[in-house]
Q: 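Here's a structure for you.
Residues: numbered from 1 along the sequence shown. Keep in mind that this is a model prediction, so the values were computed, not measured.
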Amino acid sequence: MKSIFTCNTKFTIVFFIVLLVDVLVKLYCPIFPYRFISKPLIVLFLLGYYFKNKAGSDDKKHVWMFLGLGSFLIGDLLIINHNNIVFLGLSLLFFSIGKVFFSFNFSHKNDFDVLRLVPFSIIMFAYAVFLISIVLNGLKEFLVPALVSFFLSLLMFQFAYLRKGVCGKKSYMYVFVGVMIYIISESMMAIKTFKQHLPFEDFFIMMFYGISMYYIVLGVIEGQQYKVNLS
């Protein structure tokens, strides 16, 4: 078991097997108890992988990553029963907390080019307006929580974008692509929950979610190792 978390190739194979099993469970098995077993394994495996491969002495960054993944783990368990209004509201809360911790981890103190951020911010704002216009009528009592959650997703995406130039190229691309895929997964989930069903929604939502978490964790670890090698 230890070799799975210390060998990138083995971990990748096992992780995507776990992800595929969860997707199959979601599609073909009763929610209780099977989904409550398969879904948490995705984040638990990533927690184990991060714990075994984290590098550097920045304890705050490590804590933020653990807290972020832990928050997503709780959110995953709660959103399994997303038809329950209480569980759905709590899941949005924990996902939002997780995004804040991820944003803390992605942040840095280096200067950045404000002009480079302007076109990116315009594109993100246009996408936010587009998505909100689609699901607005179905949000009802979830209007504020959903808007806050999506705003934090865009904030996390912005921090991922601003990592460019302060970490290795591979680390930057992993995290950036991971957050982008997460936003796609979240957008599909929002449309499914508050507007209408989409073709093959359950398959794509979970696959995109698992892939996004994988790339985010891989990118953060890669960035830590890059800084250690420079020092």
Side-chain angles (χ1 to χ4, degrees), residues 11-47 49 68-99 102 127-128 130-143 145-150 152-154 156-157 177-218:
F11 175 77
T12 299
I13 294 172
V14 173
F15 175 80
F16 279 97
I17 290 174
V18 170
L19 177 59
L20 182 59
V21 168
D22 180 59
V23 172
L24 293 175
V25 168
K26 181 177 178 62
L27 292 175
Y28 301 114
C29 297
I31 292 177
F32 184 85
Y34 303 104
R35 197 77 204 290
F36 287 93
I37 298 172
S38 65
K39 189 171 176 61
L41 289 177
I42 296 172
V43 175
L44 287 173
F45 265 75
L46 290 171
L47 277 166
Y49 183 70
L69 288 171
S71 298
F72 270 82
L73 175 60
I74 298 173
D76 281 345
L77 288 170
L78 291 168
I79 206 170
I80 291 175
N81 190 13
H82 66 272
N83 292 321
N84 184 297
I85 190 171
V86 176
F87 288 166
L88 178 58
L90 288 173
S91 70
L92 285 174
L93 173 62
F94 279 98
F95 282 134
S96 296
I97 294 172
K99 294 169 193 175
F102 277 178
Y127 179 76
F130 171 73
L131 181 63
I132 292 170
S133 66
I134 293 176
V135 301
L136 183 61
N137 292 334
L139 290 175
K140 298 178 182 177
E141 64 269 20
F142 283 100
L143 176 61
L147 290 178
V148 170
S149 180
F150 193 65
L152 291 173
S153 294
L154 298 182
M156 182 174 66
F157 198 18
V177 170
V179 175
M180 183 168 60
I181 296 174
Y182 173 80
I183 290 178
I184 294 173
S185 173
E186 184 180 53
S187 300
M188 293 181 67
M189 185 67 185
I191 294 172
K192 169 191 172 181
T193 305
F194 300 112
K195 180 65 176 180
Q196 65 185 39
H197 291 288
L198 299 169
F200 308 107
E201 57 188 11
D202 290 335
F203 174 83
F204 284 116
I205 288 172
M206 274 314 303
M207 284 301 296
F208 286 159
Y209 174 75
I211 292 170
S212 70
M213 291 291 106
Y214 170 81
Y215 274 115
I216 288 172
V217 172
L218 200 67

Q: Is there a side-chain contact (heavy atoms from CB on, under 4.5 Å) between Ile80 and Ile31 once you walk through the steps?
A: CA-CA 8 Å; Ile80 291 175; Ile31 292 177; 3.3 Å; yes
Q: side-chain contact (heavy atoms from CB on, under 4.5 Å), that's the test. Do Phe87 and Leu77 meet it? Break it down for me.
A: CA-CA 9 Å; Phe87 288 166; Leu77 288 170; over 6 Å; no
Q: What's the spacing between Asp202 CG and Leu24 CG if we round to 0.5 Å?
A: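 Separation between the atoms: 12.0 Å.
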Q: What's the separation between atom CZ in Phe94 and atom CG in Leu90, rounded to the nearest 0.5 Å?
A: 6.5 Å
Q: Looking at Phe204, I'd like to know if the NZ or CZ of Lys192 sits under 6.0 Å from its six-membered ring centre while staying within 45 degrees of the ring's axis.
A: no
Q: Is there a side-chain contact between Asp76 and Pro40 in this structure, where contact means two heavy atoms from C-beta onward sitting under 4.5 Å apart?
A: no
Q: Give me the one residue out of Asp22, Ile211, Val25 that meets side-chain contact (heavy atoms from CB on, under 4.5 Å) with Met206.
A: Asp22
Q: Quick one, Leu78 and Val86 - any side-chain contact, counting heavy atoms below 4.5 Å?
A: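 They are not in side-chain contact.
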Q: Applying side-chain contact (heavy atoms from CB on, under 4.5 Å) to Ile79 and His82, what does each step give before you reach the verdict?
A: CA-CA 5 Å; Ile79 206 170; His82 66 272; 3.9 Å; yes
Q: Looking at CG of Leu92 and CD1 of Ile97, how far apart are the two atoms once the value is rounded to the nearest 0.5 Å?
A: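 Taking CG in Leu92 and CD1 in Ile97, the distance rounds to 11.0 Å.
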Q: Count the heavy atoms belonging to other residues, nucleotides or ligands that lie under 6.0 Å from OH of Tyr215, then report whether that count exceeds 12.
A: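 Atom OH in Tyr215 is not crowded, with 12 or fewer foreign heavy atoms closer than 6.0 Å.
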Q: How many angstroms lie between atom OG of Ser185 and atom CD1 of Ile183, to the nearest 0.5 angstrom?
A: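 The distance works out to 10.5 Å.
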Q: Quick one: closest heavy-atom pair of Ser187 and Phe150, and the distance?
A: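 Taking every non-hydrogen atom into account, OG-CE1, 4.1 Å.
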Q: Starting at CD1 of Ile42, measure out to CG of Leu69 and round the result to the nearest 0.5 Å.
A: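 With rounding to 0.5 Å, CD1 (Ile42) is 12.5 Å from CG (Leu69).
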Q: Looking at Phe102 versus Tyr182, is the centre-to-centre ring distance below 6.0 Å?
A: no
Q: Between Lys26 and Ile205, is a side-chain contact (heavy atoms from CB on, under 4.5 Å) present by the stated rule, with each step listed?
A: CA-CA 11 Å; Lys26 181 177 178 62; Ile205 288 172; 5.9 Å; no
Q: Are any non-hydrogen side-chain atoms of Tyr214 and Phe45 less than 4.5 angstrom apart?
A: no
Q: In terms of relative ring orientation, are Tyr127 and Phe130 parallel, tilted or perpendicular, with 30° and 60° separating the classes?
A: tilted
Q: Quick one: CD1 on Ile216 to CZ on Phe72, what's the gap to the nearest 0.5 Å?
A: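 That separation rounds to 6.5 Å.
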Q: Locate the shortest heavy-atom distance separating Ala128 from Leu154; write the atom from each residue and the value.
A: CB-CD1, 3.6 Å
Q: Among side-chain atoms of Ser149 and Lys99, is any donor-acceptor pair under 3.5 angstrom?
A: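 Result is yes, a qualifying pair exists.
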Q: Can you tell me how the ring of Phe142 sits relative to the ring of Phe194, calling it parallel under 30°, perpendicular over 60° and tilted otherwise?
A: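 Rings of Phe142 and Phe194: tilted, 30 to 60°.
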